[in-house]
Asker: 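Got a structure for you, written out below as structure tokens; questions coming shortly.
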There are 2 protein chains.
Amino acid sequence: MSTLLLSGKTLAKTIQQKAHDEARGLEADGLHPTLAVVVATDDGSTHWYVRSIERAAERAGISCRIVDLGHDATGDDLAVALKDLNADPSVNGIILQTPLPPGVESDELVGHIAPEKDIDGANPLSLGRLAVGQPSFAPATARAVIEILDHFDIPLAGRNVVVIGRSAVVGKPLSLLLLERDAAITICHSKSGPLERYTKTADVVVVAAGRAGLLNGGHVSSAAIVVDVGTNVLPDGSLVGDVDEASVRGVAAALTPVPGGVGSVTTSLLLLHTTQAARQQSRALIPGTAG
Amino acid sequence: MSTLLLSGKTLAKTIQQKAHDEARGLEADGLHPTLAVVVATDDGSTHWYVRSIERAAERAGISCRIVDLGHDATGDDLAVALKDLNADPSVNGIILQTPLPPGVESDELVGHIAPEKDIDGANPLSLGRLAVGQPSFAPATARAVIEILDHFDIPLAGRNVVVIGRSAVVGKPLSLLLLERDAAITICHSKSGPLERYTKTADVVVVAAGRAGLLNGGHVSSAAIVVDVGTNVLPDGSLVGDVDEASVRGVAAALTPVPGGVGSVTTSLLLLHTTQAARQQSRALIPGTAG
């Protein structure tokens, strides 16, 4: 049988257009949506990625301010930068880009990002709010998985979605979003035993483990929708997901490709979240309209 | 076959004794562990429950301050009371007891409880911290499930634990605690379809749905360990769990009873968390010892 490839490209463009439309609406109200990206590394691929966010933002009519503190920034430098951006009313969204200098813990720093500007859902408070159903931004990657499944009309309510990976960036927030959508969720990981115990009977399998080739065709059923969140760079420089694509193609019902799947949707969601944050912040300034 | 009944009573006494020992250690250091319980209801069974916490605290050498704001307290009254308790260095732990007056939202108020005093893990920030592996108190009921499984040497790593119920008070925090212990977790709920799809093959089934008789013998295997978190009061005043005990006994390998199971462990954990909070707060006052 042939496995349907679920490309994220059309969806990414739709979301970019939506962000663009919202940005124009904000401009019409005299507001200038602005995303700040804090960087503290010399790593070339990170700078390449940050510039790609900047270009996408500019195309959508969103200002992007790159705050580069250099590879020798301290945790205090980064905390001060984040607090300054929190206090700056011209900044609507904040991303703290990893990797950080050796010895600087991202986990501690993200707690400084104001929840209303935390458009990549990095602050533990954002995750907690997501868990209790209060307004908050989910990590863009986790949200991208939901968007791509919705885009292809894949039902979630009452279905069993198996999430491989228990990270605070993807696995856990994605599971919360799936519960909101009335799925039954299963989280497995490197220490939970043979994957096929869970994946063989799953309606949807999402792999977010960061291990190239982790999920193969023997793990899934012919009805399975497989979403590949992995982004692994091979020694030859090529980008692959966590799915052994060659073996899953021909077995599963559908598969998101890497590249061109979830990842392509993620950046567009960062932009959309920024415009949403800008709108919410402008409302919060007008008494009686805060929600 | 006979189903082993996993009583929580011995464990509850052990934890109470541990809280008592820690309270004595704190007293020896000139510290007086104190738990504050904020109440705003006329409901008799709630007052009965709060008095049972007070008695247990006193037996363990912990002061219990009941802050009764009356059934007509406003959200503002409650927020002020919580902030006062946060600022009061003689208070180590804070519980906001439900039910609250009509129109007052617990979800909003618990965000006011300082995380270091949030000994029942009610603040969304506590839940978020739990999710990212930062120090925080889990809700006592969720922690009680782990403690009772540990007490009976039931392995969790690599096992499939099915949690029925997706509340922010039990289902979600318990799932995070189980992931920390390397279990594969499945969360199902009222809208996830037939329970037996998940429960029949589970190693451990935890029911926290708040529906008397929800889980019956037909749902589980003979190897299953069943943990009943439910506390439902029947019209005749008797207390039952979410498990149809008569049908699960004789099928499952083991079952926690209601009453005398998880619930009996929960109060003792509130006391232990209070002494732990007191110890952490005393360390935070000495420069160089804060964690």
Side-chain angles (χ1 to χ4, degrees), chain A residues 105-108 110-111 115 118 121-136 139 155-169 171-173 175-176 178-195 197-203, chain B residues 105-108 110-111 115 118 121-136 139 155-169 171-173 175-176 178-195 197-203:
Chain A
E105 286 299 325
S106 166
D107 283 359
E108 297 296 322
V110 289
D118 185 22
N123 187 333
L125 180 55
S126 299
L127 191 53
R129 285 187 177 181
L130 196 64
V132 303
Q134 289 175 0
S136 73
L156 294 171
R159 302 298 175 105
N160 181 218
V161 182
V162 172
V163 178
I164 305 172
R166 53 179 159 173
S167 77
V169 181
K172 284 169 183 168
S175 300
L176 294 172
L178 290 163
L179 282 174
E180 236 175 41
R181 298 292 298 277
D182 293 334
I185 62 113
T186 297
I187 306 180
C188 38
H189 46 81
S190 56
K191 294 182 179 166
S192 61
L195 285 180
R197 176 172 179 187
Y198 308 104
T199 53
K200 268 281 187 190
T201 54
D203 301 303
Chain B
E105 286 298 327
S106 167
D107 284 0
E108 297 297 322
V110 289
D118 186 23
N123 187 332
L125 180 54
S126 299
L127 192 53
R129 286 188 176 180
L130 195 65
V132 303
Q134 289 176 0
S136 72
L156 294 171
R159 302 301 176 103
N160 181 219
V161 182
V162 172
V163 177
I164 305 171
R166 52 179 159 172
S167 77
V169 181
K172 285 170 182 167
S175 299
L176 294 171
L178 290 163
L179 283 174
E180 235 176 42
R181 298 292 298 277
D182 293 334
I185 61 112
T186 298
I187 306 180
C188 38
H189 45 80
S190 56
K191 294 182 179 164
S192 61
L195 285 181
R197 176 172 179 187
Y198 307 103
T199 52
K200 267 280 188 191
T201 55
D203 300 304

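Nothing here was measured: the structure is a model prediction, and the numbers come from that model. Chain letters run A, B, ... following the sequence lines, proteins first and then strands; every chain starts at 1.
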Asker: Donor-acceptor pair, distance only, cut-off 3.5 Å: does the side chain of B:His189 make one with the backbone of A:Ala183?
Answerer: yes
Asker: So, do A:Val161 and A:Arg181 sit near enough that their side-chain heavy atoms are less than 4.5 Å apart?
Answerer: no
Asker: Heavy-atom pairs under 4.5 Å with chain B are the metric here; pick the option from A:Gly133, A:Ala131, A:Gly111 that has the most.
Answerer: A:Ala131
Asker: Which region of A:Leu156, side chain (C-beta onward) or backbone (N, CA, C, O), has a non-hydrogen atom less than 4.5 Å from a non-hydrogen atom of chain B, or is it both or neither?
Answerer: neither
Asker: To the nearest 0.5 Å, how far apart are OG in B:Ser190 and CZ in B:Arg166?
Answerer: 5.0 Å
Asker: Out of curiosity, A:Arg159 CZ to B:Ser192 OG, how far, rounded to the nearest 0.5 Å?
Answerer: 13.0 Å
Asker: Counting heavy-atom pairs under 4.5 Å to chain B, which of A:Leu127, A:Leu125, A:Asp182 comes out on top?
Answerer: A:Asp182
Asker: Which residue out of A:Asn160, A:Val132, A:Asn123 racks up the most heavy-atom pairs below 4.5 Å with chain B?
Answerer: A:Asn160
Asker: With a 4.5 angstrom heavy-atom cut-off, is it the side chain or the backbone of B:Leu176 that approaches chain A, or both, or neither?
Answerer: side chain
Asker: Can you tell me if B:Ser136 uses its side chain to pair, donor with acceptor, with the backbone of B:Ser126 under 3.5 Å?
Answerer: yes
Asker: Which atoms of A:Gln134 come close to chain B, meaning under 4.5 Å heavy atom to heavy atom: side chain ones, backbone ones, both, or neither?
Answerer: side chain
